[in-house]
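Numbered from 1 within each chain, the chains take letters A, B, ... in sequence-line order. Keep in mind that this is a model prediction, so the values were computed, not measured.
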2 protein chains.
Amino acid sequence: MNIGQAAAGSGLSAKMVRHYESIRLIPRAGRTEAGYRVYSAKDVNTLRFIRRARELGLSIERIKRLVGLWQDRERPSAEVKRVATEHVAELDAKILELVAMRDALQELAKACHGDPRPDCPILRDLESGARAAIPGGSVTEHVSHPRRSTAVGAAPRHTA
Amino acid sequence: MNIGQAAAGSGLSAKMVRHYESIRLIPRAGRTEAGYRVYSAKDVNTLRFIRRARELGLSIERIKRLVGLWQDRERPSAEVKRVATEHVAELDAKILELVAMRDALQELAKACHGDPRPDCPILRDLESGARAAIPGGSVTEHVSHPRRSTAVGAAPRHTA
DNA sequence: GCTTGACCTTGCCATTATGGGAAGCCCCAC
DNA sequence: GTGGGGCTTCCCATAATGGCAAGGTCAAGC
């Protein structure tokens, strides 16, 4: 099958399938005489694997490792688990960061009248507030109301 | 003062101060005859405001709005509050996404022996698992399109 | 005066994962 | 034989930041 079918069958975009080939996450697909990429059902399985891994937020680098382990019948499950727990640790760190931001901003917003007058604790905080540590608490418990919005405006990088 | 002093005084890098100028988050700084940027204490205050806003994860676009409101003595606090609550909503959405990922992966990891044998529920899930409800957790079903961020491996995009 | 070193300038590249679009070839149905 | 849809490659853009490079500037010390 061509890339369109493979993409549809895996849930990825054709664009991303090409991209994954270019960064060598997947091997170079075979070509027809006209240069069209050719995929097998097995290839689609690999692409689905990748899509699911991306849904769990795994980075391309980790997915590379996982695909390698997946295809190795002798793999120690310990290695797979390690990749997973590494990612869980990063997710936890990120979650803590975002929760701290949200809680701080939510407090400020709560204290803001939100009326036609100019006085505003949010601006006062930004103007000269010292960002302080937020008292501990389980992250999960704070997560309440949903919302299917879009991007969060990314935070300062210091992480890696 | 020069950019180095302004950067140090605001907690930003000189690089970012130049960047913020280039994207017009701040006005073009005055120059010496040699072309060096010149900053006043007031400029540094603005830079500090920006740094704190970034610490709260606000995007440059929202910070632009906030800086504008901050400098407008007639601003309605309701507008400031709106910017803040918009961001809180996005943070909440992002947090939910990450928590869903973390919980799912954590469950899988917990079920993985992590020994020298190849059998592994994590790979089995990726191989053909539908992302489903996590026991004990409220976050479930389709983990839709996340986004990128700091340390975490980022997820699919759709948003912007 | 001249050297040295710290600081400044602009500009380009990299990151992460993904989308968009252009220019141009290919294939099949009608 | 033609039109439209699928395919190809390549470049650009995103968000925010770091890094490096080549070169100008300034102040201090000799």
Side-chain angles (χ1 to χ4, degrees), chain A residues 1-8 10-26 28-39 47 50-51 53-64 87 90 94 97 150-160, chain B residues 1-8 10-26 28-39 47 50-51 53-64 87 90 94 97 144-160:
Chain A
M1 74 188 90
N2 287 340
I3 198 170
Q5 303 302 308
S10 65
L12 293 168
S13 65
K15 193 103 189 190
M16 289 316 296
V17 174
R18 289 190 201 99
H19 179 62
Y20 291 154
E21 179 183 309
S22 81
I23 61 173
R24 304 193 186 187
L25 172 57
I26 54 179
R28 181 175 164 82
R31 308 295 166 118
T32 64
E33 282 191 17
Y36 281 25
R37 287 174 179 76
V38 180
Y39 297 89
L47 292 173
I50 291 168
R51 180 183 56 82
R54 284 294 301 137
E55 283 175 356
L56 288 174
L58 287 148
S59 70
I60 298 296
E61 271 313 306
R62 289 210 170 97
I63 295 176
K64 269 185 192 168
H87 186 52
E90 287 181 10
K94 185 68 183 174
E97 196 183 312
T150 318
V152 165
R157 296 183 166 208
H158 17 101
T159 357
Chain B
M1 72 188 92
N2 288 339
I3 198 171
Q5 302 303 308
S10 64
L12 294 168
S13 65
K15 189 101 190 192
M16 289 315 296
V17 174
R18 289 190 201 102
H19 179 61
Y20 291 154
E21 179 182 310
S22 81
I23 61 173
R24 302 185 189 195
L25 172 56
I26 53 178
R28 181 174 165 84
R31 309 294 166 119
T32 64
E33 281 189 19
Y36 282 26
R37 287 173 179 78
V38 180
Y39 297 89
L47 292 173
I50 291 168
R51 179 183 57 81
R54 284 295 302 139
E55 283 174 357
L56 288 174
L58 288 148
S59 70
I60 298 296
E61 271 314 306
R62 289 210 171 97
I63 296 176
K64 268 185 194 169
H87 186 53
E90 288 181 10
K94 183 70 179 175
E97 269 167 25
S144 56
H145 352 131
R147 233 220 170 176
R148 83 135 295 183
S149 38
T150 314
V152 174
R157 216 198 221 209
H158 284 240
T159 31

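Checking B/N2 against A/Y36, the closest nucleotide of DNA chain C that is more toward the 5' end is the one next to B/N2. The nearest heavy atom of DNA chain D to A/G4 and to B/M16 marks one nucleotide each, and the one closer to the 5' end goes with A/G4.
Side-chain nitrogen and oxygen atoms of B/R37 include at least one within less than 4.0 Å of the OP1 or OP2 phosphate oxygen of C/dT10. For the pair B/Y20 and D/dT17, the criterion of a side-chain N or O lying under 4.0 Å from OP1 or OP2 is met. Look at B/R31 and you'll find a side-chain N or O under 4.0 angstrom from OP1 or OP2 of C/dT10. The phosphate of C/dG19 (OP1 or OP2) has a side-chain N or O of A/S13 nearer than 4.0 angstrom. Taking only side-chain nitrogens and oxygens, A/R18 never comes nearer than 4.0 Å to OP1 or OP2 of D/dC7.
To the nearest angstrom, C1' of C/dT16 lies 14 Å from NE2 of A/H87. In this structure, NZ of B/K64 is placed 10 Å from P of D/dA16, rounded to the nearest angstrom. Distance B/E21 CD to D/dT17 P: 16 Å, rounded to the nearest Å. D/dA16 atom C1' lies 16 Å from atom CZ of B/R51, rounded to whole Å. Nucleotide D/dC7 holds its C1' atom 12 Å from the CD atom of A/Q5, rounded to whole Å. Here D/dC10 presents its C1' atom at 14 Å from NE2 of A/H19, a figure rounded to the nearest Å. Spacing between atom CD of A/E33 and atom C1' of D/dT8 amounts to 16 Å, rounded to whole angstrom units. Atom C1' of nucleotide C/dT16 and atom CG of A/L25 are separated by 14 Å, given to the nearest angstrom.
Within 6.0 Å of the CZ atom in A/R24, the count of heavy atoms belonging to other residues, nucleotides or ligands does not exceed 12.
Looking at B/R18 and B/E21, no side-chain N of the basic residue comes within less than 4.0 Å of a carboxylate O on the acidic one, giving no salt bridge.
Considering CD1 of B/I50 and CD1 of B/I26, their distance stands at 5.5 Å, rounded to 0.5 Å. The CD1 atom of B/I3 lies 5.0 Å from the CZ atom of B/R37; values are rounded to the nearest 0.5 Å.
Contact of the B/R51 side chain with the B/M16 side chain is not registered, since no non-hydrogen atoms from C-beta on lie closer than 4.5 Å.
A/T32 comes within 4.0 angstrom of nothing in the nucleic acid, heavy atoms only.
A/K15 contributes no side-chain N or O that forms a donor-acceptor pair with the base of D/dG6 under 3.5 Å.
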